[in-house]
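Quick notes on the structure that follows.
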Amino acid sequence: MINFIQFTLTRAGLSIVTLLLVCFIVFSLMELVPGTCAERYLAFKNTQGSQITYEDIEKEKIRLGLDKPFLYRYGKWVSDIVLKGDFGDSCILRMNINELLSGRFVLSLTICLVALIFSYLIAIPVGIISATTKYASLDTTLKFISYLGIALPNFLVALCIMLFMTVFYGDTMTGLFSQEYENQPWSSAKVMDFLSRAWLPIFVLGWNATAFALQTVRALMLDENDKLYVMAARARGISGMKLLWRYPAKHSLGPVINSIGFDLNRIFSALPIVALILILTEAGALLIEALARSNDQQLAGAIIFLLTATIVFVNFVTDVLLAIMDPRIRKGVMGGN
Amino acid sequence: MSHLLEIKNLDVKFDTDEGRIIAIDNVSLTLDQGKVLGIVGESGSGKSVTAKSIMQLNPGNTIYNDDAEIIIDNENVLKFTSKNDLKKIRGGKVSMIFQEPMASFAPAIKIGNQMIEQLLLHKETEKNQAKQISIDMLNRVGIADAEKRFNQYAFELSGGMRQRAMIAMALSTMPKLLLADEPTTALDVTIQAQVINLMKDIIKEYNMGVIFITHDLGVIAQVADDVAVMYLGSVVERGPVNEILKNPKHPYTRGLLNALPDINNLDAPLKPIPGNIPSPLDRPTGCVFRTRCPEPTHDCKEGNIEMGLIEVSPGHWVDKCCVNCG
């Protein structure tokens, strides 16, 4: 037990180090973009007709703390996030990033996690069936559907469904809320409205993710099913579902759990493009906006930080989960007690 | 007295993408209670397939001939299809030990739980009782600290101990017939000797029938009462172990014996059997051994010979085609 706590703490420590490293890279990239926040804002003001002098820029820099050294500002950025939960201000929009992001990141994360959970809920049983079915045609059909999911780009699927919905229902299905709920506070009706629209991005993202997970589960099952211990179990008289779940299925779960963090990352990476097409007001779209359009480094940095933190956290959880589930890892970790 | 196990006219074919492969060609064997039948042969000779046929463990593309019979307790187990019937030959009356002790335990299930699971399936016992039987069995096969091992996983045991545990598990349901598929091949030589001695003791103690599959004639000499030599899916020679080893009639058996190193003259070059086992897709017509026979005749090739075995001395049967070869 002590070893397990030690393992968990070490993993947690490593996760934090990873997160700090990623933060450093993100922050450095933000710095590498030509022009400081002060210059960018004043340049923007200049286009509005105000006269900007060199002194104005310097004053603005001091106001924003940009005259301080790089490492000091990195430390402050990180410590503000960690200690105060404050991501600072967006220098283009002149708004607090927390306010800007409020709700949106949670929405994005919800969409991604729901897509992820659905994809695994479907992929695990279907992958097992696909790998072990006696009917070759069932396996072929399942493989065909999942290859479609891998081969079709998300945006194309989204566009096709949009087109279909527009032609047959007169609703483009864009956005996460209907117009009447867009700016209302959360209520049960709004939740229902959200669900009635959110299925589309969840479906688009989930199909692709399911297809990948299905291939993983199927390959692992085929692999395990051929192993001698499965035949040995059959030779002891174990049969049917008991054999399937307790032997090959149980033993192929480890690598499946391992792939969850990776899959969440992939789903989140696919989200911005889907969000762009479906005009979703969530953080993925905001990230594209910040990175590609307005060059809003603070905002982009904040979103990437949140995303990385989520993925690092999920990886931490799957690591611990694996150690609990797989005796080979657990015993290694706990020193054979 | 009826035999414990009787295999009659067994043909096994595999349906593959490349065509139908003949894995077993007209094999008939018998085994009595308390006896050990050794099956020898190179890889691909059909030793394991024969043993797996008894438990119906061959893969889904396997085709058995309709008139084949594998009789245990007056029942043709080859015709078993129901779950309850299959249970009888899988872990009930028949148990099997495999070549790789590491790979034949599920890696993430405790050894004890795998043993209990099997006992609860075959015997009317309580969980506690099953645990006690398992621990006693582990003790019996010479595993020190049986209670501790019971709660461990296969990867925590040494190779020899794993095979002992495997033997304990196979024996815990008190089968009448034990199939040992190269049980010592994956072990190093000192452990091999221990495991063989253990098996000999246990066979005597439980008075069961054993089919001992190996390619090692030295092991056969130690454990078997009777030997069947297999080549390309056929039994080419069978009989009492002393008779076969001292007075082999078939050129293949002689080849196998000649291929063993001579303990008195270790410098002498080893004499392998010339040629390779033919691909099962390219099975020789006529006598299957003719491609490697030192003196094949025209008749062997054309198949102008009677197939089947002939008794040359009491209990010693040899392939008719090859009985006068070499």
Side-chain angles (χ1 to χ4, degrees), chain A residues 1 3 129-140 220-258 321-337, chain B residues 48 51-52 54-61 82-111 113-123 148 151-156 162 166 169-170 172-173 175 178-179 181 186:
Chain A
M1 201 58 213
N3 279 304
I129 291 167
S130 178
T132 52
T133 180
K134 273 181 259 175
Y135 307 105
S137 52
L138 178 63
D139 184 32
T140 313
L220 286 166
M221 271 302 286
L222 282 177
D223 216 33
E224 289 297 321
N225 217 6
D226 275 350
K227 289 195 175 162
L228 183 59
Y229 72 84
V230 180
M231 183 188 282
R234 276 208 298 154
R236 294 198 297 274
I238 300 149
S239 59
M241 288 308 256
K242 196 173 174 196
L243 176 74
L244 189 66
W245 285 110
R246 214 164 126 77
Y247 288 84
K250 180 180 171 169
H251 290 83
S252 50
L253 262 187
V256 172
I257 289 177
N258 242 344
L321 213 60
L322 257 188
I324 293 170
M325 273 189 43
D326 192 324
R328 285 163 290 185
I329 301 172
R330 183 172 68 228
K331 296 272 169 163
V333 167
M334 301 207 210
N337 286 316
Chain B
S48 292
K52 283 176 191 159
I54 300 169
M55 297 175 109
Q56 291 194 27
L57 281 180
N58 285 313
N61 60 350
S82 77
K83 206 176 148 185
N84 271 334
D85 275 345
L86 285 173
K87 227 171 74 176
K88 282 195 251 171
I89 46 165
R90 292 181 180 167
K93 291 177 183 171
V94 190
S95 277
M96 189 155 180
I97 305 170
F98 296 89
Q99 180 174 351
E100 302 276 348
M102 180 67 196
S104 41
F105 279 107
I109 305 175
K110 283 178 184 170
I111 287 170
N113 287 343
Q114 295 184 56
M115 294 183 82
I116 288 183
E117 178 184 42
Q118 182 193 14
L119 278 168
L120 293 180
L121 202 62
H122 295 284
K123 303 277 166 190
K148 181 181 159 202
N151 282 315
Q152 284 186 319
Y153 297 89
F155 67 91
E156 294 173 276
R162 274 179 216 136
M166 200 71 216
M169 178 148 75
S172 63
T173 56
L178 178 68
L179 308 176
D181 189 357

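Each chain gets a letter, A, B and so on, in the order its sequence line appears, and its residues count up from 1.
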Query raised in the report: What part of A:K227 is in contact with chain B, defined as an atom under 4.5 angstrom from a non-hydrogen atom: side chain, backbone, both or neither?
Result: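 Contact with chain B: none, neither part.
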
**Report entry** Heavy-atom proximity to chain B below 4.5 Å, by part of A:A233
**Finding:**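 For A:A233, no heavy atom lies under 4.5 Å from chain B.
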
Query raised in the report: A:P327, A:G240, A:A232: which one forms the most heavy-atom pairs within less than 4.5 Å of chain B?
Result: A:P327

Side chain, backbone, both or neither of [X] within contact of chain A (heavy atoms, under 4.5 Å):
X	answer
B:D181	neither
B:L57	both
B:K110	neither

Query - Nearest non-hydrogen partners of A:P248 and A:L244, listed with the distance - result: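 Looking at all heavy atoms of both residues, the closest pair is CD-O, 3.4 Å.
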
Query raised in the report: Do you know the tightest heavy-atom contact between A:L222 and A:A131?
Result: CD2-O, 3.4 Å

Report task. Answer yes or no: is there a side-chain heavy-atom contact under 4.5 Å between B:T173 and A:R236? Result ->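 They are not in side-chain contact.
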
Query raised in the report: Are any side-chain N or O atoms of A:T133 and backbone N or O atoms of A:I129, one a donor and one an acceptor, separated by less than 3.5 Å?
Result: no

Query raised in the report: When only pairs under 4.5 Å are counted, which of B:Q118, B:Q56, B:K88, B:E117 shares the most heavy-atom pairs with chain A?
Result: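 It is B:E117.
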
Expected list for residues 92-108 of chain B: side-chain donor-acceptor pairs under 3.5 angstrom, two or more places apart:
| unit_1 | atom_1 | unit_2 | atom_2 | d |
| --- | --- | --- | --- | --- |
| B:K93 | NZ | B:D73 | OD2 | 3.1 |
| B:S95 | OG | B:A170 | O | 2.8 |
| B:S104 | OG | B:E100 | O | 2.8 |
| B:S104 | OG | B:P101 | O | 3.4 |

Query raised in the report: When you look at B:R90 and A:R234, which way does the side-chain contact (heavy atoms from CB on, under 4.5 Å) test go after all the steps?
Result: CA-CA 7 Å; B:R90 292 181 180 167; A:R234 276 208 298 154; 4.1 Å; yes

